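Taking it in order: structure first as structure tokens, then the write-up.
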There are 2 protein chains.
Amino acid sequence: MEAADTRQEILIQASRLFKRLGYRATTTREIAKAVNIKQPSLFHHFPNKKAIVEEIFSLSLNEAAVRIENACRTAGPASERLHQYLVWDLSTLHRMPIAMSAIYTGDALKSPELAELAEKLKTFYRSLEDLISQGIRSGEFVDIDPSLGRLMVASITIAHLEYAEEATIEDPDRLAREGADFVLRAFRKT
Amino acid sequence: MEAADTRQEILIQASRLFKRLGYRATTTREIAKAVNIKQPSLFHHFPNKKAIVEEIFSLSLNEAAVRIENACRTAGPASERLHQYLVWDLSTLHRMPIAMSAIYTGDALKSPELAELAEKLKTFYRSLEDLISQGIRSGEFVDIDPSLGRLMVASITIAHLEYAEEATIEDPDRLAREGADFVLRAFRKT
DNA sequence: TAGCTTCCCTATCAAATGATAGGGAGCAAA
DNA sequence: TTTGCTCCCTATCATTTGATAGGGAAGCTA
């Protein structure tokens with residue numbers, strides 16, 4: 001196999017395993033087995049296990065971080081901006097073969113060696129909380145602790161990730177829209 | 001310390017670690033350190049690591065399973081029954097020192113040695129999905145795949161668990177009610 | 001062909017992990 | 001005091017884990 005293909009396959013399989021089992025609990029042997037290579041061959045493509053999770057994380061988070069920041073700064077009702085962001089996030093999620101969703105912290109970010117990634121994620125979280133706060137201040141959203149709101153948004157994203165794993169999805173865009181609608185109904189005052 | 005106290009403390013600390021790191025990734029040494037005993041002393045109270053997670057799981061799940069089954073069989077609007085169940089679940093969660101929420105499967109249930117627990121959880125899930133289906137059929141809820149609905153309910157519960165860990169909660173009952181309201185708004189047709 | 005690089009392999013290591021063996025301090029009953 | 005039990009300890013073990021060393025086959029360039 002081409003090196004680039006193997007590398008990609010490692011990212012795909014590792015992201016699935018990290019998602020299911022968590023970073024610490026996923027062994028390099030399990031990743032290798034899923035990729036159909038032997039364990040030491042992993043280290044031809046990545047210097048260590050940490051580098052794998054870091055790359056997955058960047059792939060998942062970088063664009064999301066830009067988008068949520070834009071959503072914070074754009075004009076218009078917060079509810080619409082949050083909805084738009086969620087539609088993008090969920091539909092991307094359902095399409096990408098590599099997706100830890102970044103938001104899905106699992107255990108990975110609690111280990112000190114990944115503190116740098118954790119910091120990146122916190123910035124993302126702050127933007128998301130900011131957007132929720134905007135909606136609360138404008139009276140669009142129910143009065144909820146923004147950090148709880150952020151956690152619920154993230155957890156619903158995770159629910160979609162898990163759903164994608166066990167169900168076959170015909171229309172990712174429709175599912176993404178429905179997921180965003182679901183979240184927004186929860187946030188909006190009735 | 002009394003044996004019973006130590007045992008209880010092991011369950012409390014282990015449940016917190018399992019929640020944060022996952023079952024596989026949590027080491028017996030970490031549990032012991034949190035309890036302030038040495039690692040081999042754990043095995044005076046529990047035959048092995050699996051026995052710890054099993055007991056936490058039973059404590060978390062047994063009553064919840066009974067309650068959700070009752071909620072399925074009771075008369076009245078599904079939305080009210082789901083709401084009632086969630087208020088109980090969340091307020092229990094915020095009070096219990098030992099709580100993996102059971103729903104929070106993490107990785108634990110994916111390892112074959114815990115297949116029995118996984119089966120128990122599946123029964124619980126079926127009841128929850130059943131209740132959601134009732135709400136959809138009666139026209140109270142939006143038309144959503146019940147298994148996705150179940151995942152979202154579970155994930156919001158997890159969000160509350162995480163929230164409870166980082167924020168100080170003054171009024172667990174109010175928080176539980178607000179959490180249940182949040183979920184129900186998402187499910188109900190507008 | 002010869003030489004070099006790429007990509008995977010087998011063999012192996014040091015550290016970490018779940019679990020066991022066996023001892024000792026405290027305490028209650030006799 | 002003696003006996004026995006409880007609860008924790010230190011020391012240790014076999015296995016698993018992330019990572020390294022070094023070789024071999026395939027393919028490209030000259």
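All values reported here derive from a predicted model rather than from experimental measurement. In what follows, every chain begins at residue 1, and chains take the letters A, B, ... in the order their sequences are listed.
Within the 4.0 Å cut-off from OP1 or OP2 of dT17(C), not a single side-chain nitrogen or oxygen of T28(B) is found. For dC7(C), the OP1/OP2 oxygens have a side-chain nitrogen or oxygen of H44(A) closer than 4.0 Å. Applying the 4.0 Å criterion to OP1 and OP2 of dC7(C), one finds that T6(A) has every side-chain N and O outside that range. OP1 or OP2 of dC9(C) lies within a sub-4.0 Å distance of a side-chain N or O belonging to S41(A). For dT6(C), neither phosphate oxygen OP1 nor OP2 lies less than 4.0 angstrom from any side-chain nitrogen or oxygen of H45(A).
Using cut-offs of 30° and 60° on the angle between ring planes, the pair Y85(A) and W88(A) is tilted.
Atom NZ in K49(A) sits about 16 Å away from atom P in dT16(D), given to the nearest Å. In this structure, CD1 of I37(B) is placed 20 Å from P of dA25(C), rounded to the nearest angstrom. F18(B) places its CZ atom 12 Å from the C1' atom of dG18(C), with the value rounded to the nearest Å. As a whole-Å value, the separation of F43(B) CZ from dT6(D) C1' is 19 Å. Counting to the nearest Å, the C1' atom of dA16(C) and the CG atom of L21(B) are 15 Å from each other. The nearest whole Å value for the distance from the CZ atom in R7(A) to the C1' atom in dT6(C) is 15 Å. One can place CD1 of I52(A) at 11 Å from C1' of dG18(D), the figure rounded to the nearest angstrom. Q39(A) has its CD atom 14 Å from the P atom of dT16(D), to the nearest Å.
Checked for salt-bridge contact, K19(B) and E165(B) meet the test: a charged N lies under 4.0 Å from a carboxylate O. A salt bridge does not link K122(A) with E116(A): none of the charged nitrogens is closer than 4.0 Å to a carboxylate oxygen. Salt bridge status for R188(B) with D181(B): absent, with no side-chain N to carboxylate O gap under 4.0 Å.
Across all their heavy atoms, P146(B) and E129(B) have their closest contact at O-CG, 3.7 Å.
The side chain of K38(A) has dC9(C) as its nearest neighbour among dG18(C), dC8(D), dC9(C). The nucleotide whose nearest atom lies closest to any side-chain atom of P40(B) is, among dT20(C), dA19(D), dC8(D), dT20(C).
Nearest-nucleotide positions on DNA chain C for N36(A) and R24(B) put N36(A) closer to the 5' end.
Looking at heavy-atom distances under 4.0 Å, T27(B) makes contact with sugar-phosphate atoms alone, never a base.
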